[in-house]
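Structure first, commentary second.
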Amino acid sequence: MRDVATLLEALPYIRRFHGETIVIKYGGAAMIDLELRREFARDVVLLKYVGMNPIVVHGGGPEITSYMERLGMDVEFVDGLRVSNAETVEVAKMVLLGKQNADIVLGLNRQGQPAIGLCGDDGGLFKIRRHMPGGRDIGFVGEIESVDIGVLLHVAEDYIPVIASVGADASGQSHNVNADAAAAAVAAALNAHKAIFLTDVPGWLEDPADPATLIRRATTERLSGSLEAVSGGMRPKLESCLRAVQGGVAAAHILDGRKPHSLLLELFTDAGIGTMIADRFEEPDGAR
Ligand SMILES: Nc1ncnc2c1ncn2[C@@H]1O[C@H](COP(=O)(O)OP(=O)(O)OP(=O)(O)O)[C@@H](O)[C@H]1O
Ligand SMILES: [Mg+2]
């Protein structure tokens, strides 16, 4: 009976989300564990089967770092963004496209739903310019000027698009793009219903060292006021949540990708997990 109850609980959500686009940012430790990778693929395929339009955008942080270290290269981050010289971009591109993107596509295919891998260059998906946070030069790190959704609309008709966050600027120079920012840009351009960021922590934490300080939900207003105090990889992630919601996405979620099926739990159960960001909430803050 418990199984039946679970299905019944999911039904109104399945109805509500039918036909909606859900952009899923996949990254961090959740992408490394083999079992979690398989579960992730199953979850995404299930979303497609129940009539949603899932789009996957992925980063590759830990694995890019491990390849760089194997090659004896220096690894440096500024405010959660990877400082990228020409060699770094080359390695990032190889790891992202040659390995991670291909593996995610294969994983989805094996669960019975064909997927297609893309990067910012495919079908002119991303228009990219140099990103200089606070005027600082951190190398070939790009920001997305615009997203041409044409290719996504075509691909998503029949396949699950899987997007690697790398692409060239107008001169043909490849740039590393933070995958959270890429997911936000894609979600806003597609007018997605949700942007979901899977990561390796329970969500946005008041104190990064204490998982018990999870912020369950925050309005965009509260988030804007708190951004300055956030550092590390959570900074671009929260900025991306803000950008997505300000760009018209109904809600952004940060979920623990280490927890099996966190995607399904968030979408199809009443409880909700992780951090939810929206313009406003129907119930008062803290009720979730
Ligand atoms: N306030 C905070 N709450 C939660 N995590 C935080 C906070 N401040 C910093 N962090 C760090 O942010 C990290 C998540 O961002 P990170 O960029 O490392 O991973 P990701 O974005 O999921 O993966 P990738 O960058 O590979 O796409 C956490 O592991 C944590 O160390
Ligand atoms: Mg990150």
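In this chain, numbering begins with 1 at the start of the sequence shown. As the structure lists them, so they are numbered: ligands from 1, and atoms in each ligand from 1.
Within the 4.0 Å heavy-atom criterion, both parts of Leu205, backbone and side chain, lie near ligand 1. Contact annotation for Met31 and ligand 1: no heavy atom of the residue comes within less than 4.0 Å of the ligand. Contacts between Ser231 and ligand 1, counted as non-hydrogen atom pairs separated by less than 4.0 Å, involve the backbone only. Residue contacts with ligand 1 for Asn178 are absent, since no atom lies close enough (heavy atoms, distance under 4.0 Å). Counting heavy atoms under 4.0 Å from ligand 1, residue Lys237 touches it through the side chain alone.
Annotation for ligand 1: atoms under 4.0 Å from non-hydrogen atoms of Thr199 are 14 (C), 19 (O), 20 (P), 22 (O). Listed by number with element, the atoms of ligand 1 under 4.0 Å from a non-hydrogen atom of Gly203 are 3 (N), 4 (C). In summary, the atoms of ligand 1 found under 4.0 Å from a heavy atom of Gly60, numbered by their order in the structure, are 26 (O). Within ligand 1, the atoms closer than 4.0 Å to a non-hydrogen atom of Gly59 are 27 (O), numbered from 1 in the order shown. The Gly233 neighbourhood of ligand 1 comprises atoms 12 (O), 15 (O), 16 (P), 17 (O), with distances under 4.0 Å to a heavy atom of that residue.
In this structure, CD1 in Ile55 is found 9.5 Å from CD1 in Ile149, a value given to the nearest 0.5 Å.
Tyr67 carries Arg70 over the face of its six-membered ring, with the cationic atom under 6.0 Å from the centre and within 45° of the normal.
Heavy-atom distances between Pro62 and ligand 1 reach below 4.0 Å in at least one pair.
When the shell of 6.0 Å around CD of Gln173 is examined, it contains more than 12 heavy atoms from other residues, nucleotides or ligands. Around atom OH of Tyr159, no more than 12 heavy atoms belonging to other residues, nucleotides or ligands sit under 6.0 Å away.
Side-chain contact between His58 and Gln100: present, with at least one pair of heavy atoms (C-beta onward) separated by less than 4.5 Å.
Classification of the Phe140-His175 ring pair by plane angle, with boundaries at 30° and 60°, yields perpendicular.
Among residues two or more places apart in sequence or in another chain, the salt bridge (charged side-chain N to carboxylate O under 4.0 Å, His left out) test is passed with Glu35 by Arg38.
Residue Ala179 has no nitrogen or oxygen atom sitting less than 3.5 Å from a nitrogen or oxygen atom of ligand 1, judged on distance alone.
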Side-chain donor-acceptor distances from residues 120-139 under 3.5 Å, at least two apart:
| from | atom 1 | to | atom 2 | distance (Å) |
| --- | --- | --- | --- | --- |
| Asp121 | OD1 | Ala168 | N | 2.7 |
| Asp122 | OD2 | Cys119 | N | 2.7 |
| Arg129 | NE | Glu143 | OE2 | 3.1 |
| Arg130 | NE | Gly139 | O | 2.6 |
| Arg130 | NH2 | Asp137 | OD1 | 3.0 |
| His131 | ND1 | Glu143 | OE1 | 3.3 |
| Arg136 | NE | Pro133 | O | 3.3 |
| Arg136 | NH2 | Asp79 | OD2 | 3.3 |
| Asp137 | OD1 | Gly139 | N | 2.9 |

